[in-house]
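The block underneath contains the structure these notes are about, expressed in structure tokens.
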Amino acid sequence: MTSERIYVGSYTSQEGGGEGIGFGTPEQLRVAAAASDPSFLVRSADGRFLYTTNELEAGRVSAFAIDENGSLEFLNHRPTGGAHPCHLEIDPTGRFLLSANYTSGSVAIHPIGANGSLGDPSQILQREGSGPNTERQEGPHAHQVTFDPSGAFAFDVDLGSDSVYVSILSNKGRLEEVDRLTIHPGAGPRHLVFHPGGGAAYLINELDSTLAVLSYSDGKLAVVQTVSTRPEDATGENFPAEVLISADGRFVYGSNRGDNTIAVFQTGADGLQADLIQTIGSGGTWPRHLAFSKDGTQLYAANEQSDTIAVFTVDQTSGALTATGTPLTWPKPVCILPA
């Protein structure tokens, strides 16, 4: 078992939920800071500050200073101008925090002060559109904001309209759209990750359990392959959540909520193909988030509904996962961030 220290985001408003952001080794976690529904966590590049969504009806984002011992000091919070922010990212310059309001389908941008605190939004960008899944795609549902490896382009993934919007972030903290990828109808795109080589990306689709392999160049994404995140004999409902890529780009990992598995894909030499090589039990129920240890030798799975964090060793040659020991208990874990 790893002795690495981690932060854990969780749902606090659910029945049996926790009290805030967890911190410690997987064997010994404690509440580092009280927070309401801190469902996604990011850290500044210099390691001084931590930011979290507060996934509430009146959504907000919160800023914390990180002490040398890893403990958190609350700085401030700001409204996101939308409902249920579920993902956030710091832009490559470190000047802005971008967050995705799931229910309202908007993206909020907050300037980051020199002391790490958040200013009032420089933009709240409302997306439009819908999809064929009448229950889940009745309107826009922003699920992720991220950047390409060069940092030149920003991407917001919209589950409701089967879209990935491509933008440039201005120095005034505003997204200026330059392109849009429309994925196959009803896919429900959720999270996007880029190949470290820069020429490929992988989009996990929540509503039809697929992984789309994308070519990428200078802000342009195009689908080159679509593969299932499940074995051929899988039955029942399933909703993929997180997608991860190994540091060398050879392997992609996706979580399956429903099957309660982690899917492992091997990528081609240029990253432009993916083959499902393993599915393994996630060590609990409803694996919402996956994260690598800092050295990439282990993978954490946050199993929301079983209140467990499972740890796997990653075979550096084959990419395959092996479960280690007993999953750890933490209430409603939905995000892991190695400290």
Side-chain angles (χ1 to χ4, degrees), residues 2-9 20-26 29-35 38-54 60-78 80 85 87-100 107-123 144-156 167-175 191-194 196 198 242 244-247 289-298 300 335-339:
T2 179
S3 59
E4 177 176 74
R5 298 188 301 174
I6 58 174
Y7 292 99
V8 183
I21 301 168
F23 175 68
T25 64
L29 287 169
R30 58 179 175 80
V31 176
S39 64
F40 206 87
L41 313 172
V42 294
R43 184 179 40 240
S44 62
D46 61 11
R48 295 170 58 206
F49 305 107
L50 182 143
Y51 300 91
T52 181
T53 52
N54 299 116
R60 57 179 197 244
V61 282
S62 296
F64 296 86
I66 302 175
D67 293 337
E68 282 185 16
N69 64 3
S71 61
L72 300 176
E73 176 193 349
F74 176 72
L75 296 175
N76 73 336
H77 58 67
R78 284 286 183 268
T80 60
H87 187 273
L88 38 63
E89 184 68 276
I90 300 167
D91 89 290
T93 71
R95 295 174 54 211
F96 298 101
L97 181 74
L98 296 81
S99 54
V107 176
I109 304 175
H110 291 78
I112 299 174
N115 67 348
S117 64
L118 297 168
D120 291 326
S122 53
Q123 185 183 31
Q144 185 198 29
V145 191
T146 191
F147 289 84
D148 69 358
S150 75
F153 294 93
F155 302 79
D156 57 289
S167 305
I168 291 172
L169 180 65
S170 77
N171 57 16
K172 294 183 178 176
R174 298 184 68 83
L175 289 175
H191 280 187
L192 174 76
V193 69
F194 282 88
E242 187 57 283
L244 273 186
I245 190 164
S246 60
H289 191 245
L290 306 173
F292 286 122
S293 60
K294 280 209 161 169
D295 64 6
T297 62
Q298 295 188 300
Y300 304 101
C335 184
I336 308 290
L337 180 67

**OP:** Just jot down the side chain to side chain donor-acceptor pair (under 3.5 Å) partners of Ser167, sequence neighbours excluded, or say none.
**Re:** none

Can you tell me if [X] uses its side chain to pair, donor with acceptor, with the backbone of [Y] under 3.5 Å?
{"X": "Asp67", "Y": "Gly70", "result": "no"}
{"X": "Asp46", "Y": "Arg48", "result": "yes"}
{"X": "Arg174", "Y": "Ser122", "result": "yes"}
{"X": "Asp91", "Y": "Phe96", "result": "yes"}

Which atoms form the tightest heavy-atom contact between [X] and [Y], and what is the distance?
{"X": "Ser117", "Y": "Ala63", "result": "CA-CB, 4.3 Å"}
{"X": "Ser39", "Y": "Pro85", "result": "OG-O, 3.8 Å"}
{"X": "Gly198", "Y": "Pro149", "result": "CA-CG, 4.2 Å"}
{"X": "Ile168", "Y": "Ala152", "result": "CG1-O, 4.1 Å"}
{"X": "Pro196", "Y": "Ala247", "result": "CG-O, 3.4 Å"}
{"X": "Ile6", "Y": "Pro26", "result": "CD1-CG, 4.2 Å"}

Under a 4.5 Å cut-off applied to non-hydrogen side-chain atoms, are [X] and [Y] in contact?
{"X": "Phe194", "Y": "Phe155", "result": "yes"}
{"X": "Pro38", "Y": "Thr53", "result": "no"}
{"X": "Asp120", "Y": "His110", "result": "no"}
{"X": "Leu88", "Y": "Val145", "result": "no"}
{"X": "Phe147", "Y": "Glu89", "result": "yes"}
{"X": "Leu244", "Y": "Val193", "result": "no"}

**OP:** State, without any angle test, whether Thr52 and Ser62 hold a side-chain donor-acceptor pair at a distance under 3.5 Å.
**Re:**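 The criterion, which ignores hydrogens and geometry beyond distance, is not satisfied for Ser62 and Thr52.
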
Original post:
Do Glu4 and Tyr300 have side-chain atoms, one donor and one acceptor, less than 3.5 Å apart?
Top reply: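 Side chains of Glu4 and Tyr300: pair found under 3.5 Å.
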
**OP:** Identify which one of Leu75, Leu41, Leu118 satisfies the side-chain contact (heavy atoms from CB on, under 4.5 Å) criterion when paired with Tyr51.
**Re:**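 Answer after filtering Leu75, Leu41, Leu118: Leu118.
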
**OP:** Let me know which of Leu175, Val61, Asp156 forms a side-chain contact (heavy atoms from CB on, under 4.5 Å) with Leu98.
**Re:**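 Single pass found, and it is Leu175.
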
Subject >> Partners passing ring-ring contact (aromatic ring centres under 6.0 Å, His included) against Tyr7 (at least two apart in sequence or in another chain) >> reply: Phe23

Original post:
What residues, two or more places apart in sequence or in another chain, satisfy ring-ring contact (aromatic ring centres under 6.0 Å, His included) together with His87?
Top reply: Phe40, His191

**OP:** Could you go through the side chain to side chain contact (heavy atoms under 4.5 Å, CB included) check for Arg43 and Phe49 one step at a time?
**Re:** CA-CA 6 Å; Arg43 184 179 40 240; Phe49 305 107; over 6 Å; no

Original post:
How many angstroms lie between atom NE2 of His289 and atom CD1 of Ile336, to the nearest 0.5 angstrom?
Top reply: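 Separation between the atoms: 7.5 Å.
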
Original post:
How long is the gap from CG on Asn54 to CZ on Arg78, to the nearest 0.5 Å?
Top reply: 13.0 Å

**OP:** Could you walk me through whether Ser99 and Val107 pass the side chain to side chain contact (heavy atoms under 4.5 Å, CB included) test, one step at a time?
**Re:** CA-CA 6 Å; Ser99 54; Val107 176; over 6 Å; no

**OP:** For Phe64 and Ile21, run side chain to side chain contact (heavy atoms under 4.5 Å, CB included): C-alpha distance rounded to whole Å, both residues' side-chain angles, the deciding distance at 0.1 Å, then the answer.
**Re:** CA-CA 11 Å; Phe64 296 86; Ile21 301 168; 3.8 Å; yes

Original post:
Going through the distances and angles, do Ile112 and Arg95 end up as a side chain to side chain contact (heavy atoms under 4.5 Å, CB included)?
Top reply: CA-CA 5 Å; Ile112 299 174; Arg95 295 174 54 211; 5.9 Å; no

